[in-house]
Number of protein chains: 2
Amino acid sequence: MGITERKEREKEEMRKKIIDVAFDMFLEEGFEGTSLREIAKRIEYSPATIYLYYKDKEALFFDIQKKCFLKLISSYKDAGVPSIKNPFERLRAMGHAYLKFNMKNPQCFNLMFLHNSPMSEFKKTDRMENHGNGVGFLKDTVVECIEKKMIKGDQLELRMEIWGITHGLCTLYVNKSYEAAGITKTQAEELMKNAWENFLARIKT
Amino acid sequence: MGITERKEREKEEMRKKIIDVAFDMFLEEGFEGTSLREIAKRIEYSPATIYLYYKDKEALFFDIQKKCFLKLISSYKDAGVPSIKNPFERLRAMGHAYLKFNMKNPQCFNLMFLHNSPMSEFKKTDRMENHGNGVGFLKDTVVECIEKKMIKGDQLELRMEIWGITHGLCTLYVNKSYEAAGITKTQAEELMKNAWENFLARIKT
DNA sequence: GTGATTTACTGAACAGTGTTCAGTAATTTT
DNA sequence: AAAATTACTGAACACTGTTCAGTAAATCAC
């Protein structure tokens, strides 16, 4: 029977309607600044209706976070990162793509990383799921670089450094910490790219 | 007349009472998780009373943030950083002190950096005030290192890298991102120290 | 010492939040 | 046509930050 099919489709459409509005709002106003009542108003449904599709605000937010991660991943693909055969060049491209994406979408960065709720132990496994892919891909690339003797050092330490510096640069940028150093936005963007290049040049064998 | 003196003292005591309780709560529960009503209950005053001492929640939070920064600065002093004459050794010590402090006080880290409210443009200048000292001190140290040819590269780019990697490592640690890489807490702590040492060894001339 | 004034504080209210649940109206099944 | 399921909502609960009129105490002026 096509009825259950249609119902399923309608349910999915409703989910999409909620997500679309919620995505804009979370991005614009952050987690705490976004109210379910306002989301409900914009999709022209009662607030209670959202609870028929999402357990609570956190569950909805998780789907938005997921969307951000997908955007990030797709930006890697757009930059042609996965198809780069040379692992060192792939690493370079990964770093630049990461910097570029977060400079272009600072709000996404905030949603993905700057919201750690105090509770919900179970959520961690979910968040790891979101992180997981990127982590594995970086690991593989670094390991391949070491195997081909393109960089040298401990695999874990290098990953920590690479992740640390790229993520750290993004954090500084998104927090506008460069302002405290009397640096303009455009300068900061150029600096970030150079910083990553310098770092690469130094770890290269 | 000693009355105004005493009044001033009492006012200061009240402020301290509020801050002490608020500090614990903000640290434990974060900004959004902390309610002024609960703070009021703990100091045994009405919620409205807090507004006689602080304009709003943000203003109170700012003082708490300040306290965190002071703790951080004092940890630098405890580590004897300012008295290290060799600028490269000072840089090394600064990095380790920064890592150590944030590993020991992850909640402080969250309060200091992971809370940027969407509004309050004016607050930025205040936050810069909080940041200011650390920024200048790092700059001086890096410049001195370059002058004495202990490290080489562009001053701004190096500062960005240094700040980026140390801050980035802390961010990863505090967010427990290492869990996504299947690494334990103790391992991560060791890794962070090593990562910083490796970085230093590479920028050294 | 007494009355006026300033100070310190509070109870109650306002507008907002996330969340729950009984109840309703429409749709689908029997 | 009646019964059962589904989709949805209005109203309520318990919270939040914040404001403000009102009160009681401390201080000041005489």
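Residue numbering restarts at 1 for every chain, and letters A, B, ... go by the order of the sequence lines.
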- Item | Check: K185(A) side chain, Y178(A) main-chain N or O, donor-acceptor pair, under 3.5 Å | no
- Item | Salt-bridge criterion met for K193(B) and E189(B) (N-O under 4.0 Å) | no
- Task: State yes or no: are the ring centers of H96(B) and Y76(B) separated by less than 6.0 Å?
- Result: no
- Item | Nearest-nucleotide pick for K7(A), side chain only, options being dG18(C), dT10(C), dA7(D) | dA7(D)
- Starting at atom NZ of K57(B), determine the distance to atom C1' of dT17(C), rounded to an integer number of angstrom. 12 Å
- Message: Tell me whether the side-chain N or O atoms of R37(A) pair up with the base of dG18(C) as donor and acceptor below 3.5 Å, since no angle test is needed here.
- Response: yes
- Examine distances only and state if a side-chain atom of K71(B) and a backbone atom of K66(B) form a donor-acceptor pair shorter than 3.5 Å. no
- For the side chain of T49(B), counting heavy atoms from C-beta on, which of dT27(C), dT19(C), dT10(C) is nearest? dT10(C)
- Task: Could you state the atom-to-atom distance from CG of L52(B) to C1' of dG11(C) in whole Å?
- Result: 14 Å
- Note on the structure: Separation of dT19(D) atom P from Y54(B) atom OH, nearest Å, is 17 Å
- Message: So, OP1 or OP2 of dC9(C): does either fall under 4.0 Å of a side-chain N or O from S46(B)?
- Response: no
- Message: Which nucleotide wins on minimum distance to the side chain of A48(B), given the candidates dT28(C), dC9(C), dG11(C)?
- Response: dG11(C)
- Message: Distance alone, cut at 3.5 Å: any donor-acceptor contact between the side chains of Q187(B) and T184(B)?
- Response: yes
- Can you tell me the distance, in whole Å, between the NZ atom of K41(B) and the C1' atom of dA14(D)? 12 Å
- Evaluate the ring planes of F199(A) and W196(A), with Trp represented by its six-membered ring, and classify them as parallel (under 30°), tilted (30 to 60°) or perpendicular (over 60°). parallel
- Query: What is the distance, rounded to the nearest whole Å, between atom NZ of K55(B) and atom C1' of dT19(D)?
  - Reply: 13 Å
- Query: Can a side chain N or O of R6(A) be found less than 4.0 Å away from OP1 or OP2 on dT28(C)?
  - Reply: yes
- Task: Can you sort out which residues in residues 10-18 of chain B have a heavy atom within less than 4.0 Å of DNA chain C? Ascending by number, please.
- Result: none
- Message: Taking the basic N atoms (NZ, or NE/NH1/NH2) and the acidic carboxylate oxygens, is any pair closer than 4.0 Å for R6(B) and E10(B)?
- Response: yes
- Give the rounded distance in Å between these two atoms: CG of L36(A) and C1' of dT9(D). 16 Å
- Find the distance Y53(B):OH to dC9(C):C1' and express it as a whole number of Å. 8 Å
- Query: Out of dC9(C), dT27(D), dT18(D), which has the shortest distance to the side chain of Y45(B)?
  - Reply: dC9(C)
- Query: Phosphate oxygens OP1/OP2 of dC20(D): is one of them under 4.0 Å from a side-chain N or O of Y51(B)?
  - Reply: no
- Rounded to whole Å, the CD1-P distance (I50(A) to dT20(C)) equals 13 Å
